[in-house]
Amino acid sequence: MRSFTKLTSKIIPLPYTDVDTDQIIPARYLKVVNKDGLAEGLFDSWRKLEDGSPNLAFPLNQDEYQGAEILLAGDNFGCGSSREHAPWALTGWGIRAIISTSFADIFRNNSLKNGLLPIIVDEETHASLFDLTEEAPAATIDIDLASQTLFLPGGEKVSFEIDSFSKTCLLEGIDQLGYLLKHEAEIAAYEAARDF
Amino acid sequence: MNQSNNPKTLYEKVWEAHIVAESDDAPCVLYIDLHLIHEVTSPQAFSGLREKGLKVRRPERTIATMDHSTPTISLSFDSADDMAVAQLEQITKNCAEFGITLYDAESDGRGIVHVIGPEQGFTQPGKTIVCGDSHTSTHGAFGALAFGIGTSEVEHVLATQSLLQSKSKAYEVRFEGELPFGVTAKDMVLALIAKIGIGGGTGHVFEYTGDAVKALDMDGRMTLCNMSIEAGARAGMIAPDETTFEYLKGRPYAPQGADWDAAVERWKQLPSDEGAVYDKTVTIDVSKLEPMVTYGTNPEMGIQISERIPSLQNMDSAAQQSSLEKALSYMDLKPASTLKGHPVDVVFIGSCTNSRMSDLRAAASILKGRKVADGLRLLVVPGSESIRKRAEAEGIDKIVRDAGGEWRFAGCSMCLAMNGDELEPGQYAVSTSNRNFEGRQGKGGRTILASPLTAAASAITGKVTDPREMMQ
């Protein structure tokens, strides 16, 4: 897994609540047997017009956000289907952190396994970040995972929560499977002790 | 294992019985009894195993099926597109290489993953069950702890039969009273989601309790648990009882003989203890419930069929207002209008939510002796091949065909429109599936979620219809 330590980026605003994983990557893109090329389908129905041409009103298509790595999303981002293709499509596009007031459980779990950092902020910070994207779209913010801090323009700092295990995995780029495999003896003992 | 005598919830009991290892600075290592896989969310997990040189630790605890991208017009899969064929070939190869039982095209037991698990008796009370599919919550109807996982986690379970999990909070969803005539489990769960919201259950595991839940048959309980995820819950569970045992007894993979008696004794210990504490509780009186229909682009946007779509002014926040505006614009519906009577182009009866015998029988009770409206397309897709055959033995296929509907082979079909069964842009569908997200049933398609009764009634009139008007 790609590690996550620090990130400085512009913020792409996506001011919709309850964005489901069908919007992040529609089912018609799920017929792949690998993880390649999914970025092509990212927000497909919103990013493309009916004739397939780019919808220039959609932030991801706008010149100023090319190369931006932070997505600012509405509440309950990533609800619905458990498809890990959603974080694969986002990271394939270049997104490395998502800021919202809440995330759906499965999406959050999937993101953490792909070096994609979900950051939960309070409503006030959330609103002020959307204001920032309106007033100064070129502004960047810094994310420092080690200190669990967002550094906003003007010097304001906002701290965020993350469990220590996920944090360590992200900082060091550790695949969680390695950790599980170390429990082989305990797994075998558990199986042996079961009386049915 | 925790040996304390504190009263425990059903969820806590199943959770604690599966703890392999606990530590302060990492999530729990939780043992997984049953792993279900399908063609769409498993290929990359097997690739991961190969790259790391790993085996499937307990192949007999994984069961595979083909459901999401399979055509429903024939059993041969000849009509599948090249990518779907490649995906179906991949799961065949993966299962053969790693020694996993696969319900493939030729298998009588093939069907939607959440339909065949219970049907074959793999799903049992007290088990931990996972699948790379959010509707794994369905299996909670048996008192199992069942939840959807991502593909990385599919790889974890294949390699270790375990998962890293943090404990959720317990949320009691109490349904009291007696369901009125023409109102079903689907309407109960749509009413719940409308009440607590699409994120209302985030971080929680539901336990459905109350007289109205006890009174449901297993098919209804599965419908209820199936849509737990649509309120954001990690899982939904129902305490096992005689209804559960009656359903499971004699199923191919249920315990037999003395093992059965021992299992039932064990399962009887699972219901939440008197005085067990939930982190949250919501109570819904079902006796006043009507058939539910959704008007928007997520399952929380539901109303009773006699109600009007909300008006923008009635929304609590600006965010909710803009969310409603966006949804109604997509649906091309007007705020404060009624949905009842709105024209419908397609009716889809199927999906892991509502494709079981009782769902098909309910639909057939309305379709029998009637014709679908001119120009309306009715698609009925059984949840498994075994259900299809039972339904055909009862003549349900004939009732559907005589009414002018299409009777199909088993699969997920138009629930997520991966297999060629899809809406055309702009079409309205009344669907018994679980998600009305934008484009879910086909790009530009508009979904109205409802029960099989409401769907069948709407197929006859060509409009969103209260099924009670057609029932005796």
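We name chains A, B, ... by the order of the sequence lines, and we start the count at 1 in each one.
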Using distance alone, with no hydrogens and no angle criterion, decide if [X] and [Y] have a side-chain donor and acceptor under 3.5 Å apart.
X      : Y      : value
A:W46  : A:N55  : no
A:Y16  : A:Q23  : no
B:N226 : B:T138 : yes
B:R234 : B:S134 : no
B:T297 : B:E438 : no
B:D133 : B:H114 : yes
B:H135 : B:E230 : yes

Heavy-atom contact with chain A under 4.5 Å, split by part of [X]:
X      : value
B:I91  : neither
B:A26  : both
B:I229 : side chain
B:Q90  : side chain
B:D25  : both
B:T151 : both
B:T136 : neither

Does a side-chain N-to-carboxylate-O contact under 4.0 Å join [X] and [Y]?
X      : Y      : value
B:R440 : B:E422 : no
B:D81  : A:K31  : yes
A:D163 : A:K167 : no
A:K113 : B:E153 : yes

Task: CD-SG distance between A:Q176 and A:C169, expressed to the nearest 0.5 angstrom - done: 4.5 Å
Open item on the list: So, taking the atom named NE2 in A:H126 and the one named CD1 in A:I119, what distance separates them when rounded to the nearest 0.5 Å?
Closed with: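 One finds 11.5 Å between NE2 of A:H126 and CD1 of A:I119.
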Task: With A:P137, the side-chain contact (heavy atoms from CB on, under 4.5 Å) member among A:E64, A:K10, A:Q62 - done: A:E64
Most chain B-contacting option - heavy-atom pairs closer than 4.5 Å, from [options]:
options                      : value
A:D175, A:L181, A:V33, A:N76 : A:V33
A:G80, A:A189, A:C79, A:S45  : A:G80
A:L180, A:I106, A:N110       : A:L180

Toward chain B, the part of [X] with a non-hydrogen atom under 4.5 Å:
X      : value
A:A188 : both
A:E186 : both
A:D75  : neither
A:S81  : both
A:N34  : backbone
A:E184 : both
A:Y179 : side chain

TODO: Return the option, out of B:I198, B:V154, B:T41, with the maximum number of heavy-atom pairs under 4.5 Å with chain A.
DONE: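 Most heavy-atom pairs under 4.5 Å with chain A: B:I198.
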Task: Most chain A-contacting option - heavy-atom pairs closer than 4.5 Å, from B:E39, B:M83, B:R57 - done: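 Sorted descending by pairs with chain A, the first entry is B:R57.
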Open item on the list: Suppose a student defines contact as a heavy atom less than 4.5 Å from any heavy atom of chain B. Which residues in residues 142-155 of chain A would they list?
Closed with: none
TODO: Verify ring-ring contact (aromatic ring centres under 6.0 Å, His included) between B:W267 and B:W260, making sure each step is shown before the conclusion.
DONE: CA-CA 10 Å; B:W267 297 341; B:W260 169 261; 5.5 Å; yes
